[in-house]
There are 2 protein chains.
Amino acid sequence: MKYSKQREMILNCIKESHQHLTADAIYDTLKKDHPNLSLGTVYRNLAQLADHGMILKISIPGQPDCFDKNIDDHFHFLCIDCGNVKDVFVDELSEIKSHVEQQANVDIESIDITFKGVCTTCKQKKVQ
Amino acid sequence: MKYSKQREMILNCIKESHQHLTADAIYDTLKKDHPNLSLGTVYRNLAQLADHGMILKISIPGQPDCFDKNIDDHFHFLCIDCGNVKDVFVDELSEIKSHVEQQANVDIESIDITFKGVCTTCKQKKVQ
DNA sequence: CTACCTGCAAAAGGTTTGCATAGCC
DNA sequence: GGCTATGCAAACCTTTTGCAGGTAG
């Protein structure tokens, strides 16, 4: 991967954020200081960074893809009320993986899990 | 839900198939005998049928949504070589659910899991 | 009769791509 | 110098929507 200023900017943007950013959010953020940046470039670089394992691409049904600086095995919880996304960890992961591999006779390379429901904050609002 | 011929056709199409069908596949199939059918109608009815729990909407990242007659809790394995999708079952589901609910202090209403890897057939091809 | 449904076509939204130019090594 | 990356805009693909007319109950 040849160096490019744009890719560096994009990677930094993700690393500095405490959220999961969409391509569009990254574009909007960087566009302020770099008006020539193009959305196509953002997409191309995000794909490359994800391919090289430097960031994680997160696909949640019904939402635009977003990107995560945390590349460890983890999954996401989407609140169906407020739309917030929270990281979650699944202890049983290796068991699940080997069970499914045996059951279906396949080799698993990756697992995506999306939980949907009501988050802490929205739970409290409903009680009130 | 008011009866409609189109909705009946669409539901039958899914029930008679042994695959996961996309809106477009259903449209193409039915279009042969019903040239006036419109793709918008297919989408509207699929959404309704899924809302009423009569079919299951399956979202696999990078693929168009497809629909499943099997509405039981089950998940999907996508072969990254041939693109085939296989149903899989996860025994540890209730454990995972309660662990994550405690860990993140949320109420989980649904879980989507997509496994990606290499299927039986493609595994064999690689050995040869 | 009225509410819901349809077909058609246009629009929306996110993402990819072709092309000519610019930049890294 | 050559190969890769960029900006721009157009294209793409899936899905949704507005509208005027049709159909079930």
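Below, read A as the first sequence line, B as the second, and so on, with proteins coming before strands; counting in each chain starts at 1.
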Starting at the 5' end of DNA chain C and moving along, which residue's nearest nucleotide shows up first, B/Pro35 or B/Arg7? B/Arg7
For A/Leu37 and for B/Lys57, locate the closest nucleotide of DNA chain D by heavy-atom distance; then report the residue assigned to the nucleotide nearer the 5' terminus. A/Leu37
At less than 4.0 Å, is any side-chain N or O atom of B/Thr22 found next to OP1 or OP2 of D/dT14? Yes or no. no
Value in whole Å for how far the P atom of D/dT6 lies from CD of A/Gln6: 5 Å
In whole angstrom, what separates B/Asp28's CG from D/dT14's C1'? 14 Å
Rounded to whole Å, please give me the gap between CG in A/Leu21 and C1' in C/dG14. 16 Å
For a side chain to side chain donor-acceptor pair (under 3.5 Å) with B/His20, tell me which candidate from B/Asp65, B/Asp87, B/Asn70 qualifies. B/Asp87
Indicate, with a heavy-atom threshold strictly under 4.0 Å, whether B/Asp24 touches base, sugar-phosphate, or nothing. nothing
Check: B/Ala25 main-chain N/O paired with B/Thr29 side-chain donor or acceptor under 3.5 Å: yes
Would you tell me if any nitrogen or oxygen in the side chain of B/Thr41 comes within less than 4.0 Å of OP1 or OP2 on C/dG7? yes
Heavy atom of residues 44-54 of chain A under 4.0 Å from DNA chain D: which residues? A/Arg44, A/Asn45, A/Gln48
Closest nucleotide of DNA chain D for B/Tyr3 versus for B/Gly40: which of these residues is on the 5' side? B/Gly40
